[in-house]
Asker: 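First the structure, then my questions, so here it is.
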Amino acid sequence: MATKIYISPSDQTENPYAWGNTNEGEQCNKIAKALEEAFLRVGGCQVKRNTTYSISQAIRESNAWGADYHICIHTNAFNGSVAGTRLFCWDSTGDGYKACQAVMETLAPITPGTSDNITPRPGLNEVGGTVATTVYIEVGFHDNPTEAKWIVEHTTEIAEAICHGLCNHLGIEYKPAEQGQESQAVLYRVQVGAFRYRDNALKLLSELKQIGYDAFIVAAEK
């Protein structure tokens, strides 16, 4: 039987972004929609997305459907300067943690922040209230203008990175979008370097940002 994946975007439309006159609920729903489309393209699983924004509705639907994985899409806030990807799960030893690790490996390298971590948070509603294995994703910090701008401009890439990580965890072959299938949100970029070691990539990233370029790191297999 195909793995059932339930996608639950944030319902927090009251959380404003520091860039783009938008909010957490709006952007997370865009990511969730693109993630659903990515899973449908890849195949090998069943997918359902909460389109109501309601977290309580998402928990009920996920449990009633018998989801195997419950994927939460959120963005974070703290003090306006922190940036990074945070993932939450039930504990540090189970399948949820392993699934979070797989997503972190594909998502964190493309996001501009570097304050990344995976933390057990069983007290979160969608972690403790769902029967499925939960992967709770805080893509980045929307109160940081740089990261907020990046999220708004890269919703499709974020979704593809999440899909890729989960495919790796589930043993499903990830299939990138073919030419002509790209979303209108896809951008084309010029690469300025390739490094074997992440520290060298981070050094160049810092230098490019200091002179005003909206640079970021993408991890790719050789």
Side-chain angles (χ1 to χ4, degrees), residues 1-77 85-90 95-96 99-100 103 107 111 119 121-143 147-148 150-167 169-170 177 183-185:
M1 184 179 295
T3 300
K4 291 183 175 182
I5 297 176
Y6 188 93
I7 303 169
S8 175
S10 170
D11 63 347
Q12 295 168 295
T13 55
E14 73 278 7
N15 289 346
Y17 269 42
W19 186 90
N21 191 29
T22 185
N23 60 72
E24 180 179 351
E26 181 178 356
Q27 294 307 310
C28 290
N29 195 59
K30 289 181 180 180
I31 296 168
K33 184 175 185 296
L35 180 58
E36 179 184 30
E37 293 171 353
F39 275 123
L40 291 174
R41 181 190 71 241
V42 169
C45 61
Q46 297 180 52
V47 60
K48 184 186 289 286
R49 173 172 57 94
N50 179 19
T51 58
T52 69
Y53 280 165
S54 167
I55 297 303
S56 59
Q57 174 71 10
I59 294 171
R60 289 194 297 270
E61 279 191 347
S62 178
N63 291 342
W65 187 47
D68 298 299
Y69 288 85
H70 186 93
I71 312 303
C72 309
I73 309 296
H74 289 252
T75 56
N76 217 335
T85 301
R86 308 292 173 88
L87 275 75
F88 303 115
C89 55
W90 177 259
D95 187 55
C100 283
V103 172
L107 179 59
T111 58
T119 307
R121 290 282 296 276
L124 289 172
N125 286 343
E126 286 187 276
V127 177
T130 51
V131 176
T133 295
T134 300
V135 178
Y136 192 111
I137 304 166
E138 297 274 11
V139 173
F141 284 77
H142 58 249
D143 61 343
E147 195 150 65
W150 185 89
I151 293 168
V152 171
E153 294 179 342
H154 298 84
T155 52
T156 298
E157 289 178 325
I158 292 165
E160 290 292 334
I162 295 169
C163 180
H164 194 173
L166 288 168
C167 283
H169 177 69
L170 295 170
S183 160
Q184 294 299 313

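Please read all numbers here as calculations on a predicted model, not as lab measurements.
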Asker: Do NZ/NE/NH1/NH2 and the carboxylate oxygens of Arg41 and Glu37 come within less than 4.0 Å?
Answerer: no
Asker: Among Leu35, Thr75, Ile151, which residue satisfies the side-chain contact (heavy atoms from CB on, under 4.5 Å) criterion with Ile158?
Answerer: Ile151
Asker: How about Lys4: does its NZ atom have over 12 heavy atoms from other parts shown lying under 6.0 Å from it?
Answerer: yes
Asker: Are a donor atom and an acceptor atom from the side chains of Tyr6 and Thr130 found within less than 3.5 Å of each other?
Answerer: no
Asker: Please walk me through it: do Glu24 and Ser10 pass side chain to side chain donor-acceptor pair (under 3.5 Å)?
Answerer: CA-CA 7 Å; Glu24 180 179 351; Ser10 170; 3.1 Å; yes
Asker: At what distance, to the nearest 0.5 angstrom, does CD of Glu36 lie from CD1 of Ile7?
Answerer: 5.5 Å
Asker: Applying side-chain contact (heavy atoms from CB on, under 4.5 Å) between Ile5 and each of Val135, Asp68, Leu170, report the one that passes.
Answerer: Leu170
Asker: Name the orientation class of the two ring planes belonging to Tyr69 and His169 (parallel below 30°, tilted from 30 to 60°, perpendicular beyond 60°).
Answerer: perpendicular
Asker: Check the side chains of Gln27 and Thr22 for a donor-acceptor pair under 3.5 angstrom, ignoring hydrogens and angles.
Answerer: yes
Asker: Check whether any side-chain N or O of Glu138 sits under 3.5 Å from a backbone N or O of Asn76 as a donor-acceptor pair, and report yes or no.
Answerer: yes
Asker: Ignoring hydrogens and angles, tell me if any N or O in the side chain of Thr85 forms a donor-acceptor pair with the backbone of Val139 under 3.5 Å.
Answerer: yes
Asker: To the nearest 0.5 Å, what is the distance between CG (Asn15) and CG (Asn23)?
Answerer: 8.0 Å
Asker: Could you tell me which non-hydrogen atom of His70 sits nearest to which non-hydrogen atom of Ser62, and how far apart they are?
Answerer: ND1-OG, 2.9 Å
Asker: Look up atom SG in Cys163 and atom CG in Leu107, then write down how far apart they are to the nearest 0.5 Å.
Answerer: 12.5 Å
Asker: What's the verdict on side chain to side chain contact (heavy atoms under 4.5 Å, CB included) for Thr134 and Trp90, showing C-alpha distance, side-chain angles and the deciding distance?
Answerer: CA-CA 7 Å; Thr134 300; Trp90 177 259; over 6 Å; no
Asker: Over all heavy atoms of both residues, which pair between Leu166 and Phe39 is shortest? Give the atoms and the distance, please.
Answerer: CD1-CZ, 3.7 Å
Asker: Ignoring hydrogens and angles, tell me if any N or O in the side chain of Asp95 forms a donor-acceptor pair with the backbone of Ala99 under 3.5 Å.
Answerer: no
Asker: Mind listing the closest non-hydrogen atom pair of Ala32 and Pro9 along with its distance?
Answerer: CB-CB, 3.7 Å
Asker: What are the two closest non-hydrogen atoms of Glu26 and Tyr53, and how far apart are they?
Answerer: CA-OH, 3.6 Å
Asker: Does a side-chain heavy-atom distance below 4.5 Å link Ile55 with Glu126?
Answerer: yes
Asker: To the nearest 0.5 Å, how far apart are CG in Asn29 and CG in Asn50?
Answerer: 8.5 Å
Asker: Could you go through Thr155 and Ile31, starting from their C-alpha distance and side-chain angles, then the distance that decides it, and tell me whether this counts as side chain to side chain contact (heavy atoms under 4.5 Å, CB included)?
Answerer: CA-CA 5 Å; Thr155 52; Ile31 296 168; 3.8 Å; yes
Asker: Using side-chain heavy atoms (C-beta onward) and a distance below 4.5 Å, is Gln12 in contact with His74?
Answerer: yes
Asker: Strictly distance-based, threshold 3.5 Å: is any side-chain N or O of Asn63 a donor or acceptor partner for the main-chain N or O of Gly129?
Answerer: yes
Asker: Can you check whether Gly25's main-chain N or O pairs, donor with acceptor, with Thr13's side chain at less than 3.5 Å?
Answerer: no
Asker: Considering all heavy atoms of both residues, which atom of Ser8 and which atom of Ala58 are nearest to each other, and what is their separation?
Answerer: OG-CB, 3.3 Å
Asker: What's the shortest heavy-atom distance between His142 and Ala77, and which atoms?
Answerer: NE2-CB, 3.6 Å
